[in-house]
Amino acid sequence: MEKKIRKITIIGSGPAGFTAAIYAGRANLAPLVFEGHQPGGQLTITTEVENYPGFPKGIMGPEMMELLREQAKRFGAECIFRSIEKVDFSQRPFKLVDDSGEEHWSETVIVSTGASAKLLGLPKEKELMGYGVSACATCDGFFFKGKNIMVVGGGDTAMEEATYLTRFANEVAIVHRRKEFRASKIMLDRAKNNPKIKFIYDSVVEDVVGDQQSHIQGVKLRNLVTKELTEVPTQGLFIAIGHQPNTGIFKGFLDMDENGYIVTQPKSTKTNIPGVFACGDAQDSYYRQAITAAGTGCMAAIDAERFLAH
């Protein structure tokens with residue numbers, strides 16, 4: 001049987017992958033989209049998106065992804081609910097193996113596998129994500145106007161998110177397992193000098209109290225010095241221990257930074273392998289917004305289209 005070679009294959013969905021599919025579809029490239037383990041990406045666990053242009057009343061994350069998927073399909077994209085488990089970029093056309101073991105071949109590949117927020121692994125954490133538990137201050141801070149909330153973490157991300165959240169919250173408590181912080185001095189000083197921020201040292205969150213009806217009511221905190229467990233009321237818990245790009249399968253092929261984000265050439269989505277492009281949170285550790293991901297998805301499709309034309 002002769003193998004079918006695609007012009008363009010997109011690994012991952014979300015705003016980046018679907019935007020790439022819309023542009024590639026409109027260029028008559030009939031893209032194939034592997035939606036992955038979390039179809040629609042991080043937005044599927046986001047309740048309401050209020051900061052995406054064009055939706056003045058806001059839109060639910062899953063609904064927005066469904067609209068993007070429909071738009072991509074309208075222009076001829078084929079979307080399948082499978083993950084790519086293995087790639088071989090050492091040969092042309094590129095070889096991709098999905099989680100059912102089926103092999104696929106493509107002249108160009110767009111990587112839009114995104115990133116996942118690192119979570120604490122608490123019993124109720126995933127259940128209450130979007131119900132008072134969040135991993136993105138810029139996305140969800142607005143919903144916590146006048147509330148008392150907590151931020152977990154000790155690095156720059158935690159200080160930055162806590163400082164940002166003081167625009168909305170009444171009080172922000174930073175919970176950290178030690179008295180020393182990984183955060184840079186400037187970020188730490190900014191947090192310490194903010195009258196709305198207080199610190200809870202030598203402590204870890206062991207569980208979240210609440211349910212989807214009542215939302216988060218509080219957290220169980222364990223003091224690592226005294227071993228005492230206390231229940232502390234809070235109306236929001238922001239987990240700020242960083243993100244992990246979903247790029248493991250590309251190790252050994254694509255250049256990455258020390259955290260696993262794919263390195264792209266300046267002002268482009270080109271990787272170190274001609275014909276392979278990366279967009280969205282798989283290559284952006286800085287902005288991490290739906291709108292910026294969509295923008296790089298558009299760039300990746302245009303870059304791939306031009307590559308194919310040459």
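Remember, predicted model here, so these are calculated numbers, not experimental data.
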Does a donor on one side chain sit under 3.5 Å from an acceptor on the other, for D156 and S184?
yes
Ring centers of F238, Y164 separated by less than 6.0 Å
no
Which atom of P123 lies closest to which atom of E206, heavy atoms considered:
CD-O, 3.8 Å
Test of understanding: clusters of I, L, V, M, F, W, Y form through side-chain heavy atoms closer than 4.5 Å, transitively. Do L122 and M150 belong to the same one?
yes
Membership question, hydrophobic clusters at under 4.5 Å side-chain separation (ILVMFWY): are L29 and L32 in the same one?
no
Starting from M299, can I reach V276 by hopping between I/L/V/M/F/W/Y residues whose side chains sit under 4.5 Å apart?
no
Does R74, at its CZ atom, have more than 12 non-hydrogen atoms belonging to other residues, nucleotides or ligands within less than 6.0 Å?
no
Measuring only between side-chain heavy atoms, which start at C-beta, is C279 closer than 4.5 Å to I110?
yes
Can you establish whether the number of heavy atoms outside K124 located under 6.0 Å from its atom NZ is more than 12?
yes
Can you tell me how far OG of S13 sits from CD1 of I80, rounded to the nearest 0.5 angstrom?
11.5 Å
Short side-chain to backbone donor-acceptor contact, T19 and A16, under 3.5 Å
no
Starting at CD of Q217, measure out to CD of Q235 and round the result to the nearest 0.5 Å.
8.5 Å
Let's go through L96 and V109 carefully: what are the C-alpha distance in whole Å and the side-chain angles of both, what is the deciding distance for side-chain contact (heavy atoms from CB on, under 4.5 Å) to 0.1 Å, and is it a yes or a no?
CA-CA 9 Å; L96 315 169; V109 170; 4.2 Å; yes
May I ask you to test the T157-I241 pair for a side-chain heavy-atom distance under 4.5 Å?
no
Quick one: does Q212's side chain have a donor or acceptor within less than 3.5 Å of a partner on E127's backbone?
yes
Taking everything shown except K196 itself, do over 12 heavy atoms lie less than 6.0 Å from its NZ?
yes
Heavy-atom nearest pair, S106 first then P93, reads O-CB, 3.5 Å
Do any N or O atoms from the side chain of H215 and from the backbone of D211 form a donor-acceptor pair under 3.5 angstrom?
no
Closest approach of I8 and A304, non-hydrogen atoms and distance?
CD1-CB, 3.5 Å
Check E50 with K57, please: is the shortest side-chain N to carboxylate O separation under 4.0 Å?
no
Do V175 and L119 share a hydrophobic cluster (ILVMFWY, side-chain heavy atoms under 4.5 Å, transitive)?
yes
Closest non-hydrogen atom pair, A162 against V172:
CB-CG1, 3.9 Å
Rounded distance [0.5 Å steps], CD1 in I174 versus CZ in F199
4.0 Å
Shortest non-hydrogen contact from I239 toward E125:
CD1-OE2, 3.1 Å
Donor-acceptor contact below 3.5 Å, side chain S214 vs main chain G210
no
Are H104 and R82 close enough that some pair of their side-chain heavy atoms sits under 4.5 Å apart?
yes
Does the D281 side chain pair with the main chain of A115, one donor and one acceptor, at a distance under 3.5 Å?
no
Close side-chain approach of T166 to I197, heavy-atom, < 4.5 Å:
yes
Does atom CZ of R288 have more than 12 heavy-atom neighbours, drawn from other residues, nucleotides or ligands, at distances under 6.0 Å?
yes
For a quick test of reading the model, state the closest non-hydrogen atom pair linking M65 to F18 and the distance between them.
O-CE1, 3.9 Å
For R69 and E66, run salt bridge (charged side-chain N to carboxylate O under 4.0 Å, His left out): C-alpha distance rounded to whole Å, both residues' side-chain angles, the deciding distance at 0.1 Å, then the answer.
CA-CA 5 Å; R69 183 183 289 114; E66 190 48 51; 2.6 Å; yes
Measuring from atom CD1 of I11 to atom OG1 of T9, what distance do you get when rounded to the nearest 0.5 angstrom?
7.5 Å
Just by distance, with hydrogens left out, do Q244 and S116 show a side-chain donor and acceptor under 3.5 Å apart?
no
With a 4.5 Å heavy-atom cut-off, do L254 and I273 have their side chains touching?
yes
Check: V263 and Q283 side chains under 4.5 Å, non-hydrogen atoms:
no
Set out, in order, the CA-CA distance, both residues' side-chain angles and the distance that settles side-chain contact (heavy atoms from CB on, under 4.5 Å) for L237 and I149, then state yes or no.
CA-CA 6 Å; L237 178 68; I149 59 179; over 6 Å; no
Do any N or O atoms from the side chain of S203 and from the backbone of Y201 form a donor-acceptor pair under 3.5 angstrom?
yes
Worked verdict on I291 versus N51 for side-chain contact (heavy atoms from CB on, under 4.5 Å)
CA-CA 8 Å; I291 187 74; N51 53 7; over 6 Å; no
Heavy atoms, side chains only, cut-off 4.5 Å: are F253 and S90 in contact?
yes
Taking the side chain from T269 and the backbone from F277, do they hold a donor-acceptor pair closer than 3.5 Å?
no
Taking N193 for its side chain and D189 for its backbone only, find out whether a donor-acceptor pair lies under 3.5 Å.
yes
Are F94 and F89, when compared by the centres of their aromatic rings, separated by less than 6.0 Å?
yes
Give a yes or no on this: more than 12 heavy atoms of other residues, nucleotides or ligands lie within 6.0 Å of atom CZ of R222.
yes
Ion pair check, E107 and R6, cut-off under 4.0 Å:
no
Run D88 and Q91 through side-chain contact (heavy atoms from CB on, under 4.5 Å) and show every step you take.
CA-CA 7 Å; D88 185 355; Q91 54 177 329; 2.9 Å; yes
Approximate separation, where rounding is to 0.5 Å, of F34 CZ and I10 CD1
11.0 Å
Measuring only between side-chain heavy atoms, which start at C-beta, is K179 closer than 4.5 Å to D202?
yes
Will you find, in the side chains of S134 and D140, an N or O donor that is under 3.5 Å from an N or O acceptor?
yes
Flag if over 12 foreign heavy atoms under 6.0 Å of CZ, F250:
yes
For D99 and E85, indicate whether the former's side chain and the latter's backbone hold a donor-acceptor pair under 3.5 Å.
no
Are V209 and L128 linked, directly or through intermediate hydrophobic residues, by side-chain heavy-atom contacts shorter than 4.5 Å (ILVMFWY only)?
no
Are F181 and H176 close enough that their ring centers fall under 6.0 Å?
yes
Here the gap from K7 atom NZ to E305 atom CD, rounded to the nearest 0.5 Å, amounts to 11.5 Å
Is it the case that atom CD in E160 sees more than 12 heavy atoms from other parts of the structure closer than 6.0 Å?
no
